[in-house]
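Contents: one structure, followed by commentary.
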Amino acid sequence: MYYWQRRTMNDNSTYYTDLITRYFSGEITEEELRLLSDWMKSDIQNEELFGQYLKTWQLIEEQKINASLNIDREWIALKAKMNGPATTDASAPGVVPLHKSNHGILSTFSSVWKVAAAVTILFAATFMLYYYFSIPKNIVVVAQAENTELVLPDGSLVSLHAGSQLTYPESFASKSRDVELKGEAYFKVAHDKTKPFIVASGDARIEVLGTQFNVNTQLAGGKMEVVLTTGKVSVYYKTNPTENVLLMPGEKAELVADQKQILKSANTDPNYMAWKTRILVFDNETLGQVLNTLQNVYQTPIKLVEPQLSACTVTASFNEQSLQSVLEVLTQTLDLKVKQNGKEIELSGNACR
């Protein structure tokens, strides 16, 4: 199962009218602004209704400004107060009552600041509208107990491993297709030579034009692994993009983030995609490694009661079989016993000879 981290809106006109009112009063929260934006984009009539409210609000603000201040008149009055009152005697010095002049100047500047504040609010409202209505919103998908299949806006296919999270925009930008991954996923990227497809995880970046590859960002020790199936990919760190490593089919890159290392080698693990295909192949593999693979594929903790059992070797293959079926084969082959202890499975038995 998975969830979309987006709130379902109740199309209640009274509720959204209240949001519009809160928006123009400057009391709306960021979450309410996002809801208002989604509501407007969901129906052209909603957008038209908001436009009517906007025009009304602008007219009201204009009336308030005009009623409180005539800029030309105030400016003339300000200059007159600063230059002193007119007199019929050219030789008589102009006497300006200081307390009256200061009061008039302060009053005028107070009015000017009111106009500036109103204009600032209007520009801020316009900017917020542009920001929330023009920038694509991010979609966050979390595969909880099961693997999840996704189709991205460009047609790329993503298989998301249980417990993993993918973040991507409603529509990709003009220059690149950026997504963010936490966990493990298999990508089948739609080819587009004009828009590189970039998978981000922390500072690490995987850049392709169109190919198929597997990414696991949560290996032991804080490591990350990229295994290429077809095409080619460029792996690098955002802080040092020129030191990139190019992978060809059958190769993998192991990234050590805290050391900013990228180690390239041939992929020797036939089960790197077993979590997706449920096809498992073990050729003289140690039981310890087999159980690590099973835990990742079936998302179930498995413990060896006798640690020395981890050195036992296994040669077997499984094709889309249940965990119970796989464990039955292992217990019969290695003479083991299985016990369910809460959510954890325990294996016990004699050490292999």
Side-chain angles (χ1 to χ4, degrees), residues 1-2 141-151 156-164 166 181 183-189 211-220 224-231 233 247-254 265-305 309-341 343-349 352:
M1 296 295 292
Y2 65 96
V141 180
V142 176
Q144 294 181 328
E146 299 177 356
N147 297 340
T148 298
E149 302 291 328
L150 301 173
V151 180
S156 296
L157 304 178
V158 181
S159 298
L160 195 61
H161 194 12
S164 302
L166 185 73
L181 175 66
E184 188 168 15
Y186 184 78
F187 293 87
K188 187 176 181 180
V189 178
T211 186
Q212 300 181 40
F213 56 98
N214 192 81
V215 183
N216 189 347
T217 69
Q218 297 177 335
L219 293 180
M224 173 178 167
E225 183 182 78
V226 182
V227 181
L228 183 62
T229 305
T230 64
V233 301
L247 294 184
M248 303 303 287
E251 293 181 332
K252 72 174 182 179
E254 187 177 84
S265 63
N267 176 45
T268 58
D269 181 11
N271 299 312
Y272 77 97
M273 278 182 56
W275 65 268
K276 170 179 166 55
T277 63
R278 295 296 174 94
I279 298 175
L280 295 157
V281 179
F282 302 113
D283 184 11
N284 203 35
E285 199 79 47
T286 65
L287 182 59
Q289 183 57 50
V290 170
L291 296 186
N292 286 337
T293 301
L294 295 181
Q295 289 182 101
N296 181 51
V297 172
Y298 296 100
Q299 293 291 290
T300 302
I302 307 173
K303 175 185 176 182
L304 286 174
V305 178
L309 291 173
S310 63
C312 298
T313 57
V314 177
T315 298
S317 62
F318 305 93
N319 191 349
E320 298 185 12
Q321 292 176 247
S322 66
L323 177 58
Q324 181 180 0
S325 177
V326 173
L327 290 176
E328 286 180 0
V329 172
L330 293 179
T331 55
Q332 291 178 19
T333 303
L334 301 175
D335 193 22
L336 301 175
K337 294 180 181 179
V338 180
K339 179 183 176 182
Q340 187 78 38
N341 186 6
K343 294 183 179 180
E344 186 178 63
I345 294 176
E346 295 181 349
L347 297 181
S348 61
C352 301

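On a predicted model such as this, the values are computed, not experimentally measured, just so you know. Nothing fancy with the numbering, it's 1 onward along the sequence.
Among all heavy-atom pairs drawn from Glu149 and Ser159, the shortest one is OE1-OG, 2.8 Å. Listed here is the closest heavy atom pair of Leu336 and Gly349: CD2-CA, 4.3 Å. The two atoms that bring Glu285 and Gln289 nearest to each other are OE2-CG, 3.3 Å, heavy atoms only. The nearest pair of heavy atoms linking Ala266 to Lys252 is O-CE, 4.3 Å. The minimum heavy-atom distance linking Pro249 with Leu228 is given by the pair N-CD2, 3.5 Å. Looking at every heavy atom in both residues, Met224 comes nearest to Leu219 through C-CD1, 4.1 Å.
In this structure, the separation between NZ on Lys303 and NZ on Lys339 is 10.0 Å, given to the nearest 0.5 Å. Between atom CD of residue Glu146 and atom CD of residue Gln299 there is a gap of 11.5 Å, rounded to the nearest 0.5 Å. With rounding to the nearest 0.5 Å, the separation of CG in Leu166 from OG1 in Thr148 is 10.5 Å. To the nearest 0.5 angstrom, Ser317 atom OG is 10.0 Å from Asn271 atom CG. Here the NZ atom belonging to Lys188 is positioned 5.0 Å from the CD atom belonging to Gln212, to the nearest 0.5 angstrom. We find the CG-CG distance between Leu247 and Asn267 to be 10.5 Å, quoted to the nearest 0.5 Å.
Remark: the backbone N or O of Asn341 is not paired with any side-chain donor or acceptor of Glu344 at under 3.5 angstrom. Side chain of Thr217 to backbone of Gly183: a donor-acceptor contact under 3.5 angstrom is found. Side-chain N or O atoms of Thr331 include none that pairs as donor or acceptor with a backbone N or O of Lys337 at under 3.5 Å. Listed for the Thr333 side chain is a donor-acceptor partner under 3.5 Å among the backbone atoms of Val329.
Screening Asn214, Asn216, Asn147 against Trp275 for a side chain to side chain donor-acceptor pair (under 3.5 Å) leaves a single residue, Asn214. Applying side-chain contact (heavy atoms from CB on, under 4.5 Å) to Phe282 and the options Leu330, Thr315, Thr293 leaves one that passes, Thr293.
With a 6.0 Å radius and a threshold of 12 heavy atoms from other residues, nucleotides or ligands, Gln324 has its CD atom at or below the threshold.
Remark: the Thr229 side chain and the Tyr272 side chain contain an N/O donor-acceptor pair separated by less than 3.5 Å.
Proximity of Leu160 to Leu181: side-chain heavy atoms (C-beta onward) are separated by under 4.5 Å at one or more points. Residues Leu323 and Ile345 have side chains in contact (heavy-atom distance under 4.5 Å, counting atoms from C-beta outward). Taking 4.5 Å as the limit, every side-chain heavy atom of Leu280 sits out of range of all side-chain heavy atoms of Gln321. Side-chain contact between Leu347 and Val338 is present, with at least one heavy-atom pair separated by less than 4.5 Å. Side-chain contact between Arg278 and Tyr298 is present, with at least one heavy-atom pair separated by less than 4.5 Å.
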Check: Given the rule in the side chain to side chain contact (heavy atoms under 4.5 Å, CB included) test, do Leu157 and Val151 qualify, once you have shown the distances and angles that lead to the verdict?
Finding: CA-CA 5 Å; Leu157 304 178; Val151 180; 3.7 Å; yes
